[in-house]
Amino acid sequence: MKTAMISPKNRPQGLQAQLQAYLNDVAAWLLQVGRPDLTKNLKDAVEARRSTTPTVVVIGETSRGKSSLVNALLNRTELSPTGLDSTTGCNVVLRHADHLQAKVRLIQTGEIVDIPIDEIEDWTTVEGNPDNQRGVFAVILGVDCPLLEQMTIVDTPGVGGLDAGHGALAAQAAAAADAVVLVVDPNAPISGPELRFLTNVAEKVDNVAIVLTKVEDYPEWRTMAQTDAQLVAAKAPRLAEAPVFPVSNLLALNPAYRAESGIGAVEQHLRARVAARTEVLRYANILRVAESCLAEVGRVERAQHAVLEAGEGTLEVLKAERARLDSVGVDGKKLVRDLDDGLRRLSLDRADGLNRGMRDLRTSYDEHVATLRVDAISALPAQLISDVTALADRLSEDARDRLTTLIEELILQVDAVAPELASLEQLYSGQLAESVTLDTPRKRAANRVERLSTLVSFSSGRSIGSLAASLPLIALGGAPFIIAGLGLGAVFAFHMHRGRGDVARQNEFKSWMREQLAEAERQLNNDFSRAMIDISHELRSALAERVETRKAEVGQAIRECEAAVAVELGQRKSQAEAIERRLADLQVVAHRGNELRTSLMDLDLSRTEVKGRE
Amino acid sequence: MAATDSTNPLIEQLLGVLETVQVDDTGLASELAAIRSRLSAPLRVALVGRVSSGKSTLLNALLGQVVAPTDAGECTEVATSFEYGFPERVEIRLDNGNIMKIQLDAQGRLPERLPFPKDDVQDVRVWLANETLRTLTLVDTPGFSSGQAEVDTKENDDVLDRRTRQAAANCDAVVVVLNQTLRADDMDVLRTFQEAQPGPSSAVNAVGALTKADKLASGSEDPVEKAEALAKRYSERQARQLAEVVPVIGLWAETAESGALNEQDVAGLVRLAEMDGEAVGRILASVDRFRSSECPIDAEARGKLLDTLDMCGIRLSVALVRDGARSAGSLRRELSRVSGIERLRSSVVHNFGGRTVPLRLLRALEALRGISYRKAMPPMYGQAVRDAVERIRLDEGMHEMREMEAFQRWCDGDIELTVELEEDLRRLALNRDPVLRLGAEDSSREALRRAAQAGVSRWRTARLHTSAANDEVARTAIRSYGLALASGTRP
């Protein structure tokens, strides 16, 4: 593939043809190396940018001043609704129109429906449309404003708030943007979540600007602007050149102060760097996507190369790990023994505790009743019942505590991993479908065991509640069963007394109590044993599942390594060489992309210089 | 060095039992020692929040003296605890075990930067002869969600870094400092804290401070009032996790308490206030205008006003001066009043500090129960500990503890109650003032008695599902009202 030299004098149409050709070549090459999914990504990116007016999407955390900025740009107060804390609930698309009008695009059907202007807030705000019950993807406002003749502006819901859905909407809008404006304020330096969101969005969009709002109120805004620029350069190096614009939205909407508000610079930037550069932006972004696709192919190829180079040493370690997992495995081996031992000890201790507890109760009630007169005695049964249930609860909680500890220990046995394997894990972790929102990795879907271990990995305490939710521990609580046995019927029976005197009454109570306590103890023990059986089952399956998953992962790794090693040295070498050739091809393709990009930038520059002089 | 309430009989009892326990395992021994020393120490309250949310400013405001450095951007480097002690001193504890002692500067402040790289430092302890610290130990933490932090790796799911997490887990109660808004990572951190606590942890030991509230209602005469609506919304939404959310302007409180504003500064504000209204409006329209306009205050003084009051504070002060606060003393008083710090102080000092004993006991009891089953614990002592734990739980004197546990059950979703009964539980668990606890109309004996009676009958006639949990909670609530009646409900 020859690389063509482009001089700035080339006509734009010539460049366009070359870009198109390049994209077709990349799409074909991706198919050739067996990545039709990436080809689709590329084609989707091209499709997404077909419409003519460029789109500027305003993103950022909640309450940073995005909606105020949009209003300030268009010089209309309260066009996009503003307020304290999470106001915008959906994307608000602002287009040019002859007079004010409003439409809604729904998530489910994608259809577009007219709405009356005075209902705008009912559709766009969190207050008017809580939890987005109306299923709005975007509200489209037609506004008579000159700036909108050159670009469409999209206001998005804030990310990082308590509604995770907002982040998804914002990310979707940003994915199809020609340019993105990140809004931050001088309240604090740009945060970790903001930087992550920005980096994700910038994978697909080349043109990023940063706007620092609320500068009318923060004396330290200049320091913050500097700090923000430094942080962006450090954490998102590709965006190191992104301009930072200080703005006061409040002043911008006041005609007396608009000139000094800083909004003019933002408007100027958008006109010059967005409106005038539609085609260039389009292609720059698509080239960006192509670059990502190629990078992905490179990653996988390099990983496979590493496997081929891995050799016998790594294979040994992998096999040792599989053997370890086998021995730890649940088919009648150590893990099961430990599980059974632990549960048995738990049961014995509990029965012990219950017995002693009951005995203590009996003793103390025996002593107590001896001091009471007839009327006082009738209050005792109710008290006894609640004391017994309190005892049962305490024991259950203890049992849960110990169960938690036991599970922790068992899971540790499965998970201990040799350091040599850590790097190999990288190869097989596959593509983490990183959501573009601010969801932390913790919120990824997990299988049952993973959930168990996550819950348990917090130290004791509060995990009990959550643990109880995932295992059949209700029986451990025992309470409903006790009340059934020791309930109103038994108490009523007690009240049918025969003897009259205090001593007679006391003796009646004592024998009634013995009966009830014995019955309660028997029932509690039964319930507990049954619960233990269920729990033992659950835990066995959960642990077995976990072991199987890990074995599968290791097995996969072994297969790949074996396939590599089994292949005779000469062949392995030639496979590695084939990969190296493909990587070299990749380099050439990528290089061609870079050169096209440079030409694009040159063209862009010459244009804007011309424009600037006008 | 020990604080109040070390004479509480139940704590004495527990300490007595713990003293008899002998273990060989050093890890276990030090855990037990830690539990023992915690029992007689004041409550530890952590301040957590994002970078630049205003934690250190708030700390200074609560203490009434400027000790912690505050600066635009990342400032607090490591967890710093503030406890009562004399002579006043600072100890920096390093990872390698060494302890370096340094002094506070001439103004009684900590240095802006530690003399060591922060990664080598375990934590910092500061002793001050400050009355607030008699009942509370305050722990300032570095902000989370920093832009400077390394990108999350697979293991590091948590928003807090390891050291801060440890420092917070070591605390009994937490003030979540929310910088004008409540965000997802704020609730994540609160959840992490609550899950790491051995004892009950929910709204009983967590409060939210909505800081920089002045920026929410720029130019308003009573910004805290405007921020109230937002704070209330948050309180309601997070009722299980936070006792309340209090709007506060830390900077004004810090300035008022530390006496940073002098007569000269106020004279400058008076001159501004005497100018024509529109002209002043123009000067104060923005920070840049204030710095550069023709103004009857010299440049240096303007800088000082911006440092001590912020732009919104300057606008408010001009209004306050117009309303009559023409001296440093009166302006400081007004600023303090408007800042909302008193309400936060009452929440932290009274609600947390006042519940020190039950909170500490609950924490100790839970921790001990878990420990008593460890292999390293000799069974004889394990049993003794469990017995002591049970005895204390059954003791009448710890009704406050049971109220908290009952409330915790609701927070965990273990019980179902009507809205009315939920309110009752909340009032009982989160308040010490009888009027608030009982929901009485006023503090007269009659009103209190009526409220207590009403409470008893509400719970007696309530139709609750039969379950041990519901029964326990009902008994606790009835007992609470019963105790109030029995004590004659002294106002």
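As a basis for the values below, the full set of heavy atoms in this structure was taken, side chains included, without hydrogen atoms, waters or symmetry mates. Everything numeric in this text was worked out from a predicted model, so none of it was measured. Reminder, nothing fancy here: chain letters follow the sequence lines and each chain counts from 1.
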For B/Y234, is it the side chain, the backbone, both, or neither that has a heavy atom closer than 4.5 Å to a heavy atom of chain A?
side chain
Highest number of heavy-atom pairs under 4.5 Å with chain A among B/A227, B/A367, B/G147 belongs to B/G147
Okay, B/R282 and chain A: the region with an atom under 4.5 Å from a heavy atom over there is both
Taking side chain as everything from C-beta outward and backbone as N, CA, C, O, which of these in B/L306 sits under 4.5 Å from a heavy atom of chain A? Side chain, backbone, both or neither.
both
If you tally heavy-atom pairs under 4.5 Å against chain B, which of A/D387, A/T223, A/N187, A/L162 wins?
A/N187
Could you look at B/R409 and say if it's the side chain, the backbone, both or neither that has a heavy atom under 4.5 Å from chain A?
side chain
Taking every non-hydrogen pair under 4.5 Å, which of B/N179, B/L182, B/D185 racks up the most with chain A?
B/N179
Chain B heavy atoms under 4.5 Å from A/Q230: which part of the residue, side chain, backbone, both or neither?
neither
Honestly, the part of A/V215 sitting under 4.5 Å from a heavy atom of chain B is backbone
Using a strict threshold of under 4.0 Å (side-chain N to carboxylate O), is an ion pair present between A/E127 and B/R233?
no
Would a 4.5 Å heavy-atom cut-off, applied to side chains only, mark A/R222 and B/D288 as touching?
yes
For chain A, which candidate among B/E390, B/M187, B/R237, B/R386 shows the most heavy-atom pairs at distances under 4.5 Å?
B/E390
Under 4.5 Å from a heavy atom of chain B, the part of A/L195 involved
side chain
How about B/R50 and A/S191: do any of their side-chain heavy atoms sit closer than 4.5 Å?
yes
Ring-face cation contact, A/Y218 with B/K212, 6.0 Å cut, 45° max
no
Which atoms of A/T227 come close to chain B, meaning under 4.5 Å heavy atom to heavy atom: side chain ones, backbone ones, both, or neither?
neither
Interchain contact, B/S145 with chain A, by part (heavy-atom threshold 4.5 Å)
both
Report yes if some heavy atom in the side chain of B/S52 is under 4.5 Å from a heavy atom in the side chain of A/E220; otherwise report no.
no
Given that the side chain runs from C-beta out, which part of B/N470 has a heavy atom under 4.5 Å from chain A: side chain, backbone, both or neither?
neither
Only pairs of heavy atoms separated by less than 4.5 Å count here; which of A/P219, A/P189, A/P186, A/S248 has the most with chain B?
A/P219
Side chain to side chain, B/R183 and A/E61, heavy atoms closer than 4.5 Å
yes
